[in-house]
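Since the model is a prediction, treat every value here as computed from it, not as a measurement. These numbers come from the heavy atoms of this one structure, side chains and all, not from hydrogens, waters or symmetry mates.
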Protein chains: 4
Amino acid sequence: MDKPNPLPRAGAMPSGAGDRITDVPGVSVGHCTLAEASSQTGVTVVVPHPGDLFMAKVPAAVTVLNGFGKSAGLVQVQELGVLETPIALTNTFSVGTVLAAQIRQAVAAHPEIGRDWATVNPLALECNDGYLNDIQAMVVTGEHYLAACRDAAEAVDQGAVGAGRGMSCFGLKGGIGTSSRRATLADLRTFTVGALVLANFGMPGALRIGGRPISRGSAQALADVAREGEKGSIIMVLATDAPLDSRQLRRLSVRTGAGLARTGSFFGHGSGDIALAFSTAYTVPQDPAAPMPAVAMVHESMLDPLFQAAAEATEQAILNGLWHAETVAGRDGHVRRCLRDWLDNVPGA
Amino acid sequence: MDKPNPLPRAGAMPSGAGDRITDVPGVSVGHCTLAEASSQTGVTVVVPHPGDLFMAKVPAAVTVLNGFGKSAGLVQVQELGVLETPIALTNTFSVGTVLAAQIRQAVAAHPEIGRDWATVNPLALECNDGYLNDIQAMVVTGEHYLAACRDAAEAVDQGAVGAGRGMSCFGLKGGIGTSSRRATLADLRTFTVGALVLANFGMPGALRIGGRPISRGSAQALADVAREGEKGSIIMVLATDAPLDSRQLRRLSVRTGAGLARTGSFFGHGSGDIALAFSTAYTVPQDPAAPMPAVAMVHESMLDPLFQAAAEATEQAILNGLWHAETVAGRDGHVRRCLRDWLDNVPGA
Amino acid sequence: MDKPNPLPRAGAMPSGAGDRITDVPGVSVGHCTLAEASSQTGVTVVVPHPGDLFMAKVPAAVTVLNGFGKSAGLVQVQELGVLETPIALTNTFSVGTVLAAQIRQAVAAHPEIGRDWATVNPLALECNDGYLNDIQAMVVTGEHYLAACRDAAEAVDQGAVGAGRGMSCFGLKGGIGTSSRRATLADLRTFTVGALVLANFGMPGALRIGGRPISRGSAQALADVAREGEKGSIIMVLATDAPLDSRQLRRLSVRTGAGLARTGSFFGHGSGDIALAFSTAYTVPQDPAAPMPAVAMVHESMLDPLFQAAAEATEQAILNGLWHAETVAGRDGHVRRCLRDWLDNVPGA
Amino acid sequence: MDKPNPLPRAGAMPSGAGDRITDVPGVSVGHCTLAEASSQTGVTVVVPHPGDLFMAKVPAAVTVLNGFGKSAGLVQVQELGVLETPIALTNTFSVGTVLAAQIRQAVAAHPEIGRDWATVNPLALECNDGYLNDIQAMVVTGEHYLAACRDAAEAVDQGAVGAGRGMSCFGLKGGIGTSSRRATLADLRTFTVGALVLANFGMPGALRIGGRPISRGSAQALADVAREGEKGSIIMVLATDAPLDSRQLRRLSVRTGAGLARTGSFFGHGSGDIALAFSTAYTVPQDPAAPMPAVAMVHESMLDPLFQAAAEATEQAILNGLWHAETVAGRDGHVRRCLRDWLDNVPGA
């Protein structure tokens with residue numbers, strides 16, 4: 001990986017050791033990147049823990065800030081409050097393929113699924129990378145999803161990788177970003193909140209870095225080159241090692257909206273702004289005969305540092321993703337310049 | 001098709017001409033049925049109008065009574081309040097395949113989708129037919145979805161057809177059922193509410209016909225043969241020609257729960273009980289330059305006959321589906337007997 | 001009180017010892033009944049446990065089946081998942097008075113509320129008793145709320161008492177009803193689900209007893225005398241000693257809809273159909289320094305008996321309320337006859 | 001009123017003529033302020049139009065960003081999508097009193113309410129002003145509500161007035177703020193979005209003005225003096241003359257969260273962050289015999305300028321409220337300094 005982001009930091013809380021979602025112990029991230037000619041796309045997975053997710057589910061929750069999106073698997077998370085597969089991120093038209101691959105993966109591990117047991121809930125979240133990627137070609141296969149799973153590790157490549165390969169953000173090159181924050185509660189316990197985003201949103205020129213709008217000239221220049229780029233979305237994944245139940249995780253996931261807004265988003269009409277939060281503090285067994293967790297959750301009145309961490313980590317993850325992204329050229333000669341180039345080369349940027 | 005259902009009718013309101021969802025003018029239904037050896041499954045589509053659904057969307061809304069389900073496409077319907085593809089029903093593991101087929105179908109009609117225009121929101125709703133069908137074989141293809149679309153017509157086959165081929169209901173053969181009711185409002189206008197269900201739910205023996213539990217002996221006998229059958233779900237689609245907006249359609253869709261409960265369901269944990277309602281009274285253009293509809297909706301205080309019709313049509317659709325289903329044998333020698341056989345042959349049934 | 005309800009029972013599960021919500025240990029119910037001339041109204045409270053509810057909150061959740069209602073306090077229960085006051089039931093126009101009384105009660109016990117501590121969330125649920133009661137007179141006072149609290153006990157009077165004094169149901173005299181069911185889970189533990197309803201809903205003549213519509217003549221006769229009575233609502237309170245978290249309690253509360261539908265409701269437009277569920281299995285401390293509960297919740301796959309119990313107890317509570325209600329005469333000569341009279345005296349009823 | 005706010009403006013869109021919610025034609029705002037000794041509180045009303053709100057309701061919607069709040073009346077707005085009374089703002093413990101006053105006001109105008117007609121849905125939104133105000137004294141009366149209604153006019157006093165009298169914001173004096181933005185849609189029609197906030201939220205020191213955090217020294221100083229001040233909330237009311245239905249208004253109301261976040265909020269646990277949006281473009285009749293509106297809503301794809309305006313107007317309203325507030329001393333010697341003092345007197349502020 002490359003040098004750390006030198007832009008102003010989001011907020012005041014300390015980061016975890018790597019400023020990435022994998023600072024939450026047990027979480028890993030993998031990518032499969034497709035970058036050939038007009039195919040600029042891929043798959044990214046966030047794996048909540050290294051064990052068997054179907055047998056040891058993690059508590060989870062969802063917030064749909066703006067539902068102009070085609071992500072699949074959210075209904076069951078909302079009802080049952082657990083995840084039972086890796087979280088897959090990909091382009092809009094590949095959701096079906098990835099769902100099928102997740103089912104096959106789960107059935108391979110547990111042939112009882114769909115026979116003696118209930119079915120598995122695959123979870124595929126998406127943004128539309130159609131500006132750089134020939135999304136109609138539907139080149140993502142189930143094997144790409146499996147490759148991303150095999151790639152899962154603590155290290156997290158950012159920017160134009162995996163599902164982020166073809167994404168755009170504020171008229172610049174977007175994609176995968178990650179960050180983390182450490183939150184110390186009133187009872188002095190410290191937990192980590194990590195964020196990973198698939199950033200593909202933002203009105204060109206509306207970007208704010210460290211809360212400040214970019215220069216007027218820079219904003220205008222971006223708006224001029226990227227007028228077509230307003231059909232975005234963002235997927236925001238939060239992980240924490242704090243013991244929270246699904247209701248509390250939903251509350252945590254709402255706070256992604258604060259981080260998102262601070263980068264310049266107003267939750268645009270066409271942007272599927274969707275957040276998913278999970279906790280690694282305990283797992284919920286598939287087997288009804290296994291003991292259920294008996295865990296003391298965080299007292300509600302102590303949640304504020306975690307909420308603040310969720311907002312800051314989300315904002316930082318977006319900025320990190322912009323910082324690490326490289327310029328990408330894709331279908332029909334479309335190009336998205338990266339933020340670093342832009343800052344170096346645009347007068348006043 | 002076969003003879004009408006002689007069981008006691010659900011409720012007191014009159015049916016439309018055909019007692020089917022297609023009594024709402026413009027609505028059509030198509031099936032593609034797979035019935036070979038251990039593959040007992042298929043696809044059913046409900047097409048809201050014969051025109052171009054992407055260009056002329058229909059107002060719609062969703063109720064998730066119980067979210068243990070993998071239906072995809074609901075998030076965007078909840079946000080934007082419109083449908084823009086046929087409503088596809090299939091088995092749980094075929095959702096991804098059908099989503100991809102719906103995308104290809106829409107792109108074939110409108111190559112601008114995912115390029116100059118936003119993407120399309122495919123909509124695939126599901127139940128788990130794994131008792132009769134080898135669901136792990138994932139035999140449904142995109143072509144089967146297209147075949148169901150080509151089959152769409154005013155006539156509606158019921159029972160063990162299309163997506164209903166492998167479904168079970170109260171320990172008996174379930175599947176596709178449909179019905180309609182005519183509702184006269186206080187201002188004396190009359191509208192139709194049609195229901196189509198994919199019925200795959202119900203604790204064996206809990207069935208109520210015309211509100212009455214089936215006989216104790218019959219219930220016990222069903223429970224004995226079908227103990228494994230409690231992992232169901234139901235998809236309930238409502239169509240109406242009443243001018244309702246998305247908020248009102250959501251209210252209408254909640255009333256499916258009343259019809260469902262009267263057949264004996266208590267919205268079981270493992271049952272993805274999901275309702276979708278749409279109106280054919282007007283359409284919403286994709287093209288921002290096209291005129292938006294200026295339609296007087298039904299006055300809120302007049303909705304009760306429509307709500308009652310939604311409850312009655314849903315209950316009747318379930319009973320009609322049970323009545324029309326034939327006995328099906330599927331994977332591993334599993335058999336679901338049909339209600340008609342049962343009533344004829346079980347002492348006291 | 002009077003003899004048990006001889007009507008057909010709702011469902012198949014056994015009742016608790018008293019067939020009432022107070023079969024859940026620790027729960028108590030109190031009434032204050034106003035029955036003078038045109039003032040036919042009152043207050044009923046359900047008290048989750050005998051201790052200090054503000055300091056030891058109970059996990060809770062809400063379902064709004066139909067939100068045509070003025071109940072107050074629901075927003076915070078939905079967010080925080082706890083109750084911290086008794087649940088107060090009263091008439092629509094007395095909600096404000098009861099809220100103020102609940103605040104005064106809590107502040108009297110804890111003068112820190114609204115100063116050093118956060119404020120308290122009062123919870124007042126309502127139906128409109130304006131047919132029998134001169135609701136515009138707004139005769140309920142804070143003292144009436146306190147009297148209901150003092151009256152709280154294990155015994156539960158039903159029918160035309162407390163908040164139920166002026167309520168109507170299916171064109172007959174409605175009011176307070178209660179019931180309970182015992183549910184044995186797959187792991188063989190047995191829990192109680194208790195229901196208490198404030199029943200003020202139902203289209204005259206649509207009543208179903210034991211699932212069966214009442215006779216056509218009886219229904220017509222009811223519709224004739226009670227044509228003005230369709231502006232109802234129902235509040236449904238569920239208590240259980242099963243260890244459920246707020247998310248699971250929300251799921252439980254949805255199942256009241258199945259019980260309600262089986263009595264003949266289709267969740268009418270004008271009916272505020274609202275359910276609230278709480279668990280007594282553990283409490284959540286106000287004091288952040290107090291230990292949080294570390295309780296193993298019920299495994300999700302074992303919830304079905306509890307769900308069935310919620311549906312059956314709700315249906316039974318409605319029928320019990322109808323059975324126990326006495327005929328009441330109120331404002332402007334309005335009379336609601338009770339079900340017992342009706343069944344005795346109407347030919348064919 | 002006093003001089004305009006000289007702080008950096010929020011966003012880039014133009015304001016309406018008065019930079020206030022009443023720039024939306026027909027909307028008026030009134031206050032009743034109580035400011036004696038330890039009673040520092042009041043009532044503010046937003047009146048959507050000058051006519052009879054019960055007979056001519058306005059379309060409306062709600063977003064609960066964080067539901068730690070006691071606002072009453074939201075459930076029915078969510079279900080029916082209309083307002084039928086003025087929007088009343090007050091302190092937490094006065095909600096009941098104001099609800100009762102709203103009912104009396106509506107009944108005085110329409111004696112049929114609660115008799116021949118359904119009841120009225122009062123709407124009282126609140127924040128906790130207990131730091132400056134002796135909230136336990138419950139001094140607000142129904143007459144204060146009526147006085148605020150009589151005061152309603154196009155001019156809008158801001159800061160420590162009406163319901164804002166005792167409110168705190170970021171450790172400074174908060175209260176009532178208002179703003180507006182003009183949004184030009186793609187079809188070149190221009191509409192106004194106005195915001196009025198009751199601002200009582202914010203971690204001392206976290207304030208951002210024009211997106212920039214205040215100086216580190218200033219933040220620390222604020223945190224030092226106002227450590228007790230984190231129990232806040234914010235009510236955000238949006239008005240627009242754009243023709244939007246309730247579903248679209250809900251989408252609009254979500255965008256308040258973006259404006260709120262940009263001032264430094266992360267939607268804290270203890271903050272009841274609630275937004276309400278209404279349109280004045282048409283009304284919905286109470287009388288079922290009256291013609292229903294037949295209005296072309298804004299095409300969904302044109303909503304972005306309205307969404308951006310909602311975010312900007314909310315952020316600006318908060319900053320305007322802070323700017324216009326004066327220093328207030330209340331119960332037990334508590335004082336909240338105003339932003340102007342602070343900026344003038346704190347080194348580095």
Inset, instruction - Using non-hydrogen atoms and a 4.5 Å limit, figure out which bit of A/Glu312 sits close to chain D: side chain, backbone, both or neither. - result: neither
Legend entry - Residue selection (most heavy-atom pairs with chain D, distance under 4.5 Å) from A/Arg262, A/Arg208, A/Arg212: A/Arg262
Inset, instruction - Working to the nearest 0.5 Å, report the span between NE2 of D/His299 and NE2 of A/His269. - result: 8.0 Å
Inset, instruction - Please name the pair of heavy atoms, one in A/Pro213 and one in D/Gly210, separated by the smallest distance, quoted to 0.1 Å. - result: CD-O, 4.5 Å
Inset, instruction - Measure the CZ-CZ distance between D/Phe267 and A/Arg255 for me, rounded to the nearest 0.5 Å. - result: 7.5 Å
Inset, instruction - Can you see which heavy atom on D/Ala261 is nearest to which on A/Ala261, and at what distance? - result: CB-CB, 3.9 Å
Inset, instruction - Using heavy atoms and a sub-4.5 Å threshold, report which of residues 59-69 of chain D line up against chain A, by residue number. - result: D/Leu65, D/Asn66
Legend entry - Part of A/Ala311 lying under 4.5 Å from any heavy atom of chain D: side chain
Legend entry - Rounded distance [0.5 Å steps], CE in A/Met203 versus CZ in D/Phe307: 13.0 Å
